[in-house]
Every structure is written in structure tokens, then in C-alpha cells.
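Data first, discussion second: the structure below is written as C-alpha cells.
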Amino acid sequence: MKITHFNYDPTCQDSTIKSLDVCLKELCDKNIKTTPENSVYYSDTFDSIDKITSKYGIYIWANSPHKSVDKLIELPDIPSEHIITVIGESKLLYTSKFSMMLSKFLFNEAYLTKKQSQQYFTVLQESLINAIEHGNLGLSDKKKFSIKQDKWFDEFRNISEEFLHNQAAGEKLVVVQCRLEHENVITSVIDEGDGFDIDNKKIPEEESLSHGRGLDLIKGIADKLNFKNGGNCLEFNFKACFLENRGYDTELSISNLRSKSKVLIVDDQLSNLKVAELHLKSAGYKNIILATSGEEALEICKNLMPDIIILDVIMPKMDGFTTCRKIKQSRQYSNIPILFFTGLDDSKNRIKGYRLGAVDYVTKPIQRTELVARADSHIQNSILFQRLNENYNRIQKDLKRAKASQLDLLPSKDVLDSIQMRYGVEITSSFDTCTELAGDYWTTFDIGSGKLGFILADFTGHGIAASLNTVRLHSLILDAVKLYSNPINFVMHINERLKDLIPIEDFATFVYAILDITTGELSYIGCGNPPIAIIPKNKADGCRYLKCEGLPLGLINSSELTLNLKKTTLEDGDSIFLFSDALLETIHTDTGKMWCEADLLTKMNHMYKQNSNSNLRDILNMYNYTSQKPLKDDLTLVYINYKGDNLSKGLPRNYNHPDAILQELTG
Amino acid sequence: MIELKKQNDSHYEILLEKSFDFENHGDFRFYVKKIIEANAQYLSINFKEVEYIDSSALGMLMLAKHETDQHNCKLELSNVKDGHAKDVLHLVKFNQLFTICES
């Protein structure tokens, strides 16, 4: 904890000491001890220095008088954990100067944003005027003026005159104390007057806040307002801007970084090491490790794993560049940010440093502000980068698992093999996603009585949100097992449930097809899906489409939905090809255009003309050959080859669906 | 970038670009919200430039329909020209849900 005293009491030496008493008592009440080691005293006039040092033993930093208040702001940097006190004479004239000085200081030190510092100025000035009006001047209730009064200016002048009279007596003072505590800038304005509630010596209640001039204003602007010491101390809070206000958590707060980070400084010049260490320590860095050679630095890395390394370039034996290269080559230490000490115009070495993996440089001779700022910034960046990596890896891992779960929703190889064995229907498929997760879904199931059901659905969008909808759909389909054989009711049911479950802008294009393998009849309902392609056994007949126009599911209530159940008959050896819209809508590098329906048909016919045994793999190869990658949409292809031979026609007649057997047994 | 145009106090137009897809999601939603807040009576979604739409775009249109229906604002898809966008709108039978004016 550092304590900084700004004296702005150019004339009243005795009262300065008196006010310092008040200030130190305040600190003492908070169990904060001021010692020559932790206190810095800045004074605008130094006539009183002897008295102060002899009484308190406080260390005097500045050694020449400052004529202008503004110059105080340019005094050496003050650590982040510190208390600032402003001791001032109760002159109205100085209230704005005080306030401006402190608000500028807090902005320059990056404790407050520009806007906050302007607000701080207003609040502090109001608080000082309050202290003067209700405290130092010792005004009675009758004399209290308000800006609401008609003749407020005259009142103000009278009070000013009275104030000046009191001031001439040199009696009472205002002390402003500003400290950074729990990421808050807390400012106390302590006066020696009668307090806010003159008659009862009580701290004003909430409803009596209008008692003081501008208290409402202060309350409105500051984050928090308290009264202490019987109304003689007004305390207001502003949230420090470099933490929560910038969206950082406390782990990334400057004070936390400085106190926890391990900084390794490597230089063969001991004096440089000591200067850098002193600067960093004065800023609050606690774990500073010094090394005088590259070899020593590498040893330290092995044992202590520093958070940042600041390296000198020229060193005997192993120079800075070699040390940097060795650290960056090690997998374990390669993420440690490295800064180089370089001369101001040493661009050659800087460039070399960057090429070897350094993140920044610190110019020599070492400037405290620059060194601390660069160390802060790169440690913070390193932590953020590490977190980003961790989050990225975690998300990738989650997505990988989610993708595996989504693939589990699709028919397994066992299911497809079992269908082929039982019905002689060969099903091949391809499921390609444009991101880890897809909005596409397909499935097949045994309806019984020699019928197979096929569903292909494509939800709006892709990625996580769309994939969740496919999980919903999968559950709905499993729950509606009794409706499989009644396609209209089945699709109506799915639509109604989706309408309730998914957001307004989400829906699914959908196709439900039932293949009766004993007759070759294919009945289907299309809901905005691309057409179903029928590939005839006799390829010379040419492929054809079955249109699937219709409103997608999940958009309107089933009572308003019109579904068309269409039918066609397949010949032995015909194939059914279901696909999602990505097949038609992907831009192809050969033409720079999308295939569209007609193009696909032409290409398929051409393909079968060349090789009548072409299958899904050939269609996929044809597509992959020219499609632009990465895919803009998920692509699902399902190729169903209806053998229609003895195997297909013979077995199903003997096959009974487990549900049918169960029904038979239970009656 | 899709554009929001004000024809008069109660008539607004969203002018789409060549590709109407997920990229336009944020802007489109924002414009629809603003138009509803402005108590528009008429919203025209201009397809003059559109050559491609994806399923997210259809979702956005449904959202616009939902919002305009709730606030008694008339919605129209205008200047839908021959090509992919028109094919997709017909495939999903959006002519049953929207007033579509073809160019």
C-alpha cells in the first residue's frame, strides 16, 4: 500500500499539519499505517517540510517547489495500490483546481475513463463545495443557500464573503482522500465543520439528502455515496475502468497480474537488472527473477516457468537471440512472451527479435513507465491467448463429441446391412457437414408388412442450433412409431410438434417416402425438399425427378397444412436418390454456377451412359470434383437400390414386424 | 449490405443484395425490428438483385412475416425474378404464405 499526499495549502502551514493529522487519523482508523517507506508527500510549497518530517517522519519525494497545481500530475508514477490525499485550504477558488487535478490524475493513470474522469470532476467539485458550505464555514441552517432560491447569486456572494472571512482566520480545512480499493476509486471529502446534520449530529437519512447542495447530483453520478464521521465525511465511489468496466475479470486486473506474475529479466549488466527490478517492484511486481546469462535463463525456465521474459540482446556466451530461439523451440516454453532490451534506433535487432518470436521490445535506457506498461500488456495478452486456446480446444472437443452423437442419430451400418439382408434393398449414404454439426438428418425404418420408410430433412441454417433441431426431430420420429404406416397423419403429427418446439424462423424441408418392396410402389410426401431422383435399371431410359414441392414443416399449424401423398411404381433394379439442397446449390468451379435440377439430371444421365453400374460414390466424386470448398451448406445423399429380385420379393412375405407379432400375441 | 429504404412515413423497403443468406441475418432482423417500431403499414422486401437464397433466408422471411402479421403491417416480396430464388420460393410454396410479385 502506497500513500501519496498532495499538499495544496500554500499559505497556512500550521493548518497543513493539522489537516495531515486528520488525514492520518482517517488512515489509522482503517488500520493503514503511514511510514517513510510507504508515504510520498508532494507539496506546492515546502516551507512546512521541516515541521512535517519532524512530526511524521514522512519521506519527501519532490525537492523543489511547484508553482502550478497541474505540474503535480507530472510527478513520478504512483503504484496502483495506493492512497492519494489532497490537503487543501478551504478556498472556493481552489475547488475546481483540486478537482481538475485529481480527475486528470486518475484519467492519466488509467483508473478512470475520460467520461468517468469528467464525471469525477463534477462530483468532487460538488463535494468540496458541500464540505465548505456545511462544514468549514460552519453555516447555520438559516444561512444555507440553495440554487433554487431566486437570488441565489447574491446568496452565493454573501457566503463567499463569509467564507473568506473564516478562511482568513485560518481555522478549518478540507481533506480529500482518494484510494483504490477492490477495483473502486474511493474518494473521501473530510471537513472539520459541523457535519451535514447540524442540529442532531446525525448522518443524513436517505430522505434528507436534499439537505446539502448538490448531493442529489453526486448521488446520481457516482456509483455509491456514503456519509461518515457524523456527516463530516462524504465518501463516493467510481468503478476503476481498467477492470470490470472493460469486461475483464479480477484475474486479469493489473494489481493481480503484477502481484502474481513471474518476471524473468536477463542481462549481463547488473546495473540494468537492478534498475528494471526496481521499476517493476515499485509498480507492484513481486516475483522478479534475475539472470545474468542466457544459460542461467534457460535453467530458470526449467524450474520456475516465468510468465514473461525480458532479454538483453548482447551477452557473453549465449546471446539474447540464441536464448530466445532455444526457448521458442521448446514446446513447453514457447508460449512465454519474450521482450528484448534494444536501443531506441536499433531497428535491425528489433526485426531479428520479432522474427525469432519476440513479442515486443523495451528501449534502453530503461524507462519505468514503458517497461511496466509493456510487461503489463504482454502478460495480460499471454493469459488471454492461453484462455482463448483453452476455450478453443474445449469447444473443439465438445463439437467433436456432439458430432459423434449426431452421427449416432443416423442409421448405423448394422441397420443398413440388416435391411439389405432381409429385403435385398441396398442403401448407401453420405453425410457431409459444412461445420462440425449439421442441420441435415436422414433415417430409415422398417414399417412392417414389407414396407420401408425413408426420411430426409434439412433444417434452416446449420451448426449447433440447427443440429439441436435434428435431435428434436429424431425424438419425434421415434415417438410416432405407430403412425409410420399412415404417412399423412405421421407428417401432420411431426409438423404440429415441430411448430410448438422450434423458433419462428426455423423449419425443416422434409420428405417421407415409403417403399413397398413386394409391389415396388413408392409413396411419398414432399415438404419443400429438392426432388427425389429415380434412376432406372435400364439407364437408357434416363433419370427422372419426383417433385417434392410443399410447405416445409414447423411453419404453420397442421390444420392449415395441405399434404399431397403421391405414388409411383419402381421396376426391379431401379434406384431412388434422395439429396439435400446443397447438391444443387453449391457453386461449382467448372462453370462458376450452381448445378440446379436440370444440370444434375443431365450430369447423371451422362454418367450412367459412360458406366451403367455407377453408384452414389460416383455421384459424390462428380460433385466433389468441382464443388467449391469449404461447403456452404450440409450435404446429405441417400441412394437406395431396389433389387426387386427373388430375394426382395420372397423374404418380406414371411417377415413379420415385431410390433405385429406382439399385437398378435396380446390380441 | 442489404439496405433499408423509407418510401414514406408508413412504407419501408428492404433492398436485398445478390445473395440473401445467413450473412444478412443480423442486419435483416435489425431492420425488421426498426420498421415495426416505426409503426410501418407496408413493408416491401425487394428481390431485384437476388440471385441466390439459402434456407436461413427463408427463415428470415418467416420472421418478418410473423412480426408484420402481429403489427398489422402488410408484407410483400417484390421483384422476384426467374432463377434460383424464385425456384426455391416455389419449391417451399411460400406463395401460399406471402404476396409475391414477380418481375
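Here is how names work: the chains are called A, B, and so on, in the same order as the sequence lines, proteins then strands, and each is numbered from 1.
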Note to self: Please classify the contact between I53(B) and chain A as side chain, backbone, both or neither, with a heavy-atom cut-off of under 4.5 Å.
What the structure shows: backbone
Notebook entry, point to check: With a 4.5 Å limit on heavy-atom distance, are the side chains of N46(B) and I14(B) in contact?
Noted result: no
Margin query: Is L97(B) close to chain A through its backbone or its side chain, or both, or neither, when contacts mean heavy atoms under 4.5 Å?
Written below: side chain
Notebook entry, point to check: Closest heavy-atom contact between G542(A) and P536(A)?
Noted result: O-CG, 3.3 Å
I'd like a table of all donor-acceptor pairs linking chain B to chain A (distance under 3.5 Å, no angle check), giving the atom names and the distance to one decimal.
{"from": "R29(B)", "atom 1": "NH1", "to": "E505(A)", "atom 2": "OE2", "distance (Å)": "2.5"}
{"from": "S55(B)", "atom 1": "OG", "to": "G461(A)", "atom 2": "N", "distance (Å)": "3.2"}
{"from": "H84(B)", "atom 1": "NE2", "to": "E585(A)", "atom 2": "OE2", "distance (Å)": "3.0"}
{"from": "L91(B)", "atom 1": "O", "to": "G550(A)", "atom 2": "N", "distance (Å)": "3.0"}
{"from": "K93(B)", "atom 1": "NZ", "to": "E549(A)", "atom 2": "OE1", "distance (Å)": "3.4"}

Item checked: E13(B) versus Y42(B), side-chain donor and acceptor atoms under 3.5 Å -> no
Note to self: I need the minimum non-hydrogen distance between C527(A) and L553(A), along with the two atoms involved.
What the structure shows: SG-CD2, 3.7 Å
Margin query: Report which part of L584(A) has an atom under 4.5 Å of a heavy atom belonging to chain B: side chain, backbone, both, or neither.
Written below: neither
Item checked: For the student: nearest non-hydrogen atoms of V511(A) and G526(A), plus distance -> CG2-CA, 4.4 Å
Check: Between I532(A) and F577(A), is any pair of side-chain heavy atoms under 4.5 Å apart?
Finding: no
Next item on the list: Using ring-ring contact (aromatic ring centres under 6.0 Å, His included) as the criterion, list what pairs up with Y12(B), not counting sequence neighbours.
Entry: none
